[in-house]
Amino acid sequence: MTIDPWLLERLVCPATRTPLRYDAERSELVSEVAGVAYPVRDGVPVLLVEEARRLD
């Protein structure tokens with residue numbers, strides 16, 4: 001599943017307000033600035049800080 005490019009252009013990290021990058025392999029939206037990844041479940045981005053995974 002992919003994220004609509006129109007939507008991806010408008011989504012930002014809730015913690016830093018910076019753009020997100022979509023990682024299709026992991027089905028996550030990655031915030032390079034915050035160092036976290038937000039899950040995409042059933043095509044719906046879950047942009048809750050408490051749901052984010054810390055990047056290694």
Side-chain angles (χ1 to χ4, degrees):
M1 184 168 287
T2 63
I3 297 289
D4 182 325
W6 181 90
L7 178 61
L8 188 56
E9 287 179 16
R10 286 151 181 80
L11 292 176
V12 296
C13 174
T16 63
R17 301 288 185 219
T18 57
L20 297 166
R21 173 182 56 82
Y22 181 60
D23 181 345
E25 187 174 301
R26 289 180 165 251
S27 192
E28 295 177 325
L29 291 166
V30 178
S31 173
E32 303 290 345
V33 174
V36 296
Y38 298 95
V40 177
R41 297 187 184 129
D42 297 322
V44 179
V46 181
L47 298 177
L48 300 171
V49 174
E50 53 273 357
E51 292 287 326
R53 174 182 72 80
R54 281 246 156 258
L55 298 177
D56 298 331

With the side chain counted from C-beta on, respond yes when [X] and [Y] share a heavy-atom pair under 4.5 Å apart, and no when they do not.
X     : Y     : value
Leu29 : Leu8  : yes
Leu48 : Pro14 : no
Cys13 : Val33 : no
Tyr22 : Leu20 : no

Give a yes or no on this: more than 12 heavy atoms of other residues, nucleotides or ligands lie within 6.0 Å of atom CD of Glu25.
-> no

Where [X] and [Y] come nearest, the two heavy atoms and their spacing:
X     : Y     : answer
Gly35 : Arg54 : O-NH1, 3.1 Å
Arg17 : Val12 : C-CB, 3.9 Å
Tyr38 : Ala52 : CE2-CB, 3.6 Å
Ile3  : Pro45 : CD1-CG, 4.3 Å
Ser31 : Leu55 : O-CD1, 4.2 Å

With no hydrogens and no angle check, is any side-chain donor or acceptor of Asp4 less than 3.5 Å from a backbone partner on Trp6?
-> yes

Can any side-chain N or O of Ser27 pair as donor or acceptor with the backbone N or O of Val40 at less than 3.5 Å?
-> yes

